**Student:** 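Sharing a structure with you now.
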2 protein chains.
Amino acid sequence: MAGELDPRKKQVLQAVIDDYIESAEPVGSRTLARHHDLGVSPATIRNEMADLEMLGYLEHLHTSSGRVPSSKGYRLYVNGLMQPKPLTDAEKAQIDKWYRERVRRVEEVFQETARIIAKVTKNVSLVLAPQMTQAKFHCLQFLPLDDRRVITVLMTDAGFIENKILKMPDGSTFEDFQRMAQVINKNLAGHTLGTIKQNSLSEIKDEIGDDMLYESALEIIHRALDSGKRERLYLGGTTELLEQPEFHDVEKVKETLLMLEEEELMKDILHAHMGDGLEVTIGQENPDKHLQDASIITATYHLDGELLGTIAVLGPTRMEYAKAMSLLEFMNTNLTNVIKRLPW
Amino acid sequence: MAGELDPRKKQVLQAVIDDYIESAEPVGSRTLARHHDLGVSPATIRNEMADLEMLGYLEHLHTSSGRVPSSKGYRLYVNGLMQPKPLTDAEKAQIDKWYRERVRRVEEVFQETARIIAKVTKNVSLVLAPQMTQAKFHCLQFLPLDDRRVITVLMTDAGFIENKILKMPDGSTFEDFQRMAQVINKNLAGHTLGTIKQNSLSEIKDEIGDDMLYESALEIIHRALDSGKRERLYLGGTTELLEQPEFHDVEKVKETLLMLEEEELMKDILHAHMGDGLEVTIGQENPDKHLQDASIITATYHLDGELLGTIAVLGPTRMEYAKAMSLLEFMNTNLTNVIKRLPW
DNA sequence: GGTTAGCACTCACACGGAACGAGTGCTAAC
DNA sequence: GTTAGCACTCGTTCCGTGTGAGTGCTAACC
């Protein structure tokens with residue numbers, strides 16, 4: 001609002017935040033002068049810091065004892081002050097190795113992605129597996145289990161597979177089901193799961209003829225689609241949390257873990273952040289009160305140009321933003337490749 | 001060794017352990033006299049406690065400040081002193097409700113079982129899903145994904161389903177695969193997965209004829225079996241841990257969570273305890289040094305009379321043994337029913 | 001002889017003041 | 001505008017003391 005900060009103020013702010021991110025301790029003028037070569041004395045730094053506090057970039061816990069960045073301070077830092085910290089080649093190689101060693105099937109990609117993000121950033125990670133509404137229907141097959149039940153297998157073009165056991169309605173035979181599968185596949189192939197649910201499926205009705213069978217076909221398609229579309233949330237790094245000094249208090253750990261366990265809540269939070277590309281939300285910028293002293297970095301990814309999901313890092317506001325952002329960016333673009341090359 | 005304890009000593013020991021399990025505080029003679037109606041004065045109790053300590057049933061942290069049960073003390077308690085604590089009808093109803101609300105498919109039963117055990121006992125729970133080596137092969141089906149890949153679906157009689165995407169060898173067609181499936185199903189139906197792997201499968205070789213196709217059939221069967229047989233471990237209640245006073249120290253929490261994350265280690269521990277029925281291992285009785293101050297109660301369950309897996313409660317030696325044992329016993333017998341009635 | 005009251009003794013723990021140190025804000029000199 | 005100096009604040013650590021729960025021993029009691 002009051003115009004730009006002069007260069008030295010920016011430099012001081014950056015130094016304060018860098019220091020605080022590393023040490024987790026409120027930073028004072030003398031320490032700052034020692035750690036960073038700013039070319040001025042602690043007294044001058046004190047004056048600058050007082051100004052920065054007045055402008056709302058820094059905060060004071062109580063008189064005496066150093067400053068801590070405010071959300072506004074972090075915001076400025078993220079938007080321009082910080083040094084980008086790209087992944088090293090060694091890190092990229094390590095990530096690739098992890099994927100190759102630990103992932104055998106498509107579904108495991110997301111769990112492993114969560115694990116990797118947590119390991120690298122030392123923070124909690126969240127991975128929302130793609131919403132299947134945009135996935136293309138490939139085919140639906142029935143396999144006989146016994147005389148009362150069939151197994152329904154639903155596949156999408158991208159190779160996601162869902163199966164479900166269903167009871168056969170009284171009076172129907174497995175042959176009925178196979179006939180149904182043919183009709184369904186002929187009519188639905190290539191449609192996205194999202195549109196299928198909305199359409200009336202009336203062609204199928206005509207082709208099947210038998211009303212009762214049509215009803216169960218509908219039921220089956222819907223149940224198969226429901227299980228296929230279910231969004232899954234993968235969590236990583238809940239133990240990394242304990243490494244962070246802000247969680248030396250067991251109460252805080254408990255509170256946070258309980259929040260993370262509330263799957264629906266976490267999904268909602270991720271949905272709220274689903275946008276294009278990388279998004280950083282810092283402390284009080286976050287509408288959710290559980291996250292007021294946390295920051296969350298989200299990245300929305302695309303598979304096949306359609307399917308979309310979100311990967312995120314959740315941590316204390318004191319977070320290595322530069323590192324986390326580079327990582328998410330990398331994981332984001334890398335994800336498609338990892339999935340494409342499965343199975344080997 | 002030195003014969004039986006006299007009845008009053010037993011009574012005192014039981015009282016000490018009951019008290020300690022409830023309070024988590026070393027228990028002294030006065031408190032004991034206050035909380036339990038033993039009909040004698042604290043001084044007498046002191047004498048008895050001194051004897052019990054001499055005999056190795058109680059321990060002294062340092063002079064002054066009450067006694068704590070030793071592993072030997074807990075052992076006696078579990079073997080005969082404690083009051084059985086059967087589940088109430090309300091608890092059973094709650095468990096049933098949880099299963100009905102939250103489980104839609106066979107694979108989810110185990111995760112939910114772990115969750116329930118953790119919730120009820122307020123401790124960490126472990127559920128080892130059944131080893132599939134004893135499962136009976138029902139059928140193997142192939143479904144076309146695209147011109148290079150097929151989806152392999154493996155089913156067991158009990159309704160466990162595994163799928164896997166496989167690349168087709170060059171030159172083979174989907175029709176070859178379907179032919180292969182017929183041969184495989186005819187020959188393997190009803191065999192257990194464990195025996196299939198060992199047998200030479202030579203009948204299949206003869207029937208398939210083509211050597212190259214036979215090789216890939218072998219490969220496929222093995223890969224399908226491998227994924228089907230993979231044991232899965234489900235963990236529950238890692239947050240319940242934090243409720244226990246022995247985990248008010250973050251270091252201890254970290255250590256424990258890291259141990260629990262080591263899936264192979266935990267599986268080995270459960271395997272070591274796999275026996276018949278309920279087994280309680282207390283503190284130092286445990287060979288694994290990570291568990292020297294923990295107790296683990298395991299119960300081996302059977303499905304279809306063949307498949308077996310293990311459910312367990314892991315907690316501090318100060319644990320509500322009676323409650324946990326009743327619960328495991330119940331879950332154990334209940335599990336078959338829960339699976340049998342799926343899907344609704 | 002088992003049981004109990006009394007008493008001296010031990011220790012963990014909580015409380016409170018002193019010393020310390022990191023940090024601030026202000027003023028005056030450069 | 002920058003910096004040195006200084007008084008002041010306040011969290012943290014360190015000790016000494018007091019308190020309370022508990023023990024073990026001895027001597028008296030039933």
Side-chain angles (χ1 to χ4, degrees), chain A residues 5-13 15-20 22-70 73 245-246 248-249 318, chain B residues 4-13 15-20 22-70 73 245-246 248-249:
Chain A
L5 291 180
D6 69 66
R8 197 173 62 190
K9 282 199 174 43
K10 283 187 181 173
Q11 207 186 348
V12 171
L13 180 58
V16 169
I17 300 185
D18 280 340
D19 222 64
Y20 185 62
E22 206 189 326
S23 71
E25 304 275 306
V27 18
S29 52
R30 202 162 325 175
T31 2
L32 203 64
R34 260 202 298 273
H35 294 181
H36 302 259
D37 185 21
L38 296 171
V40 291
S41 79
T44 311
I45 295 177
R46 267 207 290 288
N47 291 330
E48 296 289 29
M49 283 166 88
D51 290 353
L52 285 167
E53 183 173 354
M54 203 96 71
L55 294 167
Y57 295 103
L58 294 179
E59 276 167 9
H60 226 35
L61 301 182
H62 42 258
T63 332
S64 114
S65 204
R67 261 95 174 186
V68 160
S70 68
E246 22 274 278
H248 272 341
D249 171 32
R318 184 191 67 78
Chain B
E4 275 274 297
L5 290 181
D6 69 67
R8 198 174 62 189
K9 281 198 175 44
K10 284 187 181 175
Q11 208 185 348
V12 171
L13 181 58
V16 170
I17 300 185
D18 280 340
D19 222 63
Y20 185 62
E22 206 188 325
S23 71
E25 303 276 306
V27 16
S29 53
R30 203 160 327 173
T31 6
L32 203 63
R34 259 202 297 275
H35 293 182
H36 303 260
D37 186 24
L38 297 171
V40 290
S41 78
T44 312
I45 295 177
R46 268 206 289 289
N47 291 331
E48 296 290 29
M49 284 167 88
D51 290 352
L52 285 167
E53 183 173 353
M54 203 96 72
L55 295 167
Y57 295 103
L58 293 179
E59 275 166 11
H60 225 36
L61 303 180
H62 42 260
T63 331
S64 113
S65 203
R67 259 95 172 187
V68 160
S70 67
E246 23 274 279
H248 272 342
D249 172 31

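Values below: every heavy atom of this structure, side chains too, minus hydrogens, waters and symmetry copies. A note on names: the letters A, B, ... follow the listed sequences, proteins ahead of strands, and every chain is numbered from 1. From a predicted model like this one, the values you see are computed outputs, not experimental measurements.
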**Student:** Have a look at A:R67 and tell me which of A:E25, A:E53, A:E48 forms a salt bridge (charged side-chain N to carboxylate O under 4.0 Å, His left out) with it.
**Tutor:** A:E53

**Student:** How is B:R34 classified with respect to the nucleic acid when contacts are heavy atoms under 4.0 Å: base, sugar-phosphate, or nothing?
**Tutor:** nothing

**Student:** Rounded to whole Å, how long is the line connecting atom CE of A:M49 with atom P of D:dT2?
**Tutor:** 16 Å

**Student:** Only pairs with both distances under 3.5 Å count, Watson-Crick or wobble alike; so what is the partner of C:dA29 in this structure?
**Tutor:**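 The answer is D:dT2, by the H-bond criterion.
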
**Student:** Atom NE2 of B:H60 and atom P of C:dA12: how far apart are they, to the nearest Å?
**Tutor:** 11 Å

**Student:** Identify which nucleotide among C:dC26, D:dC10, C:dC11 has an atom closest to any side-chain atom of A:S64, counting heavy atoms from C-beta outward.
**Tutor:**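 Within the option list, the nearest is D:dC10.
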
**Student:** Contact class for A:R67 vs. all strands (heavy atom < 4.0 Å): base, sugar-phosphate, or nothing?
**Tutor:**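 If one applies the 4.0 Å heavy-atom cut-off, A:R67 turns out to touch the sugar-phosphate alone, with no base involved.
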
**Student:** Can you tell me the distance, in whole Å, between the CG atom of B:L32 and the P atom of D:dA21?
**Tutor:** 15 Å

**Student:** Figure out the CG/P separation between A:N47 and C:dG25, and round it to whole Å.
**Tutor:**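 So the CG-P distance, A:N47 to C:dG25, works out to 9 Å.
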
**Student:** Which one, C:dA5, C:dT3, D:dG22, comes nearest to the side chain of B:T31?
**Tutor:** D:dG22

**Student:** Only one of B:V40, B:L13, B:I45 forms a side chain to side chain contact (heavy atoms under 4.5 Å, CB included) with B:R8, so which one is it?
**Tutor:** B:V40

**Student:** In this structure, how many angstroms lie between the P atom of C:dT10 and the NE2 atom of B:H62, rounded?
**Tutor:** 14 Å

**Student:** Side chains of A:P245 and A:R318: does their closest heavy-atom pair fall under 4.5 Å?
**Tutor:** yes

**Student:** Rounding to a whole Å, what distance do you find between B:E53:CD and D:dT23:C1'?
**Tutor:** 10 Å

**Student:** Roughly how many Å is it from CD in B:E25 to P in C:dA12, rounded to a whole number?
**Tutor:** 14 Å

**Student:** Write down the distance between CD (B:E48) and C1' (D:dT23), rounded to a whole number of angstrom.
**Tutor:**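 Taking CD of B:E48 and C1' of D:dT23, I get 16 Å after rounding.
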
**Student:** Find which nucleotide of DNA chain C each of B:A43 and B:T63 is nearest to by heavy atoms, and output the residue with the more 5' nucleotide.
**Tutor:**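 Of the two residues, B:A43 wins.
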
**Student:** So, the side chain of B:S70 versus the backbone of B:G56: is there a donor-acceptor pair under 3.5 Å, distance only?
**Tutor:**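 Present.
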
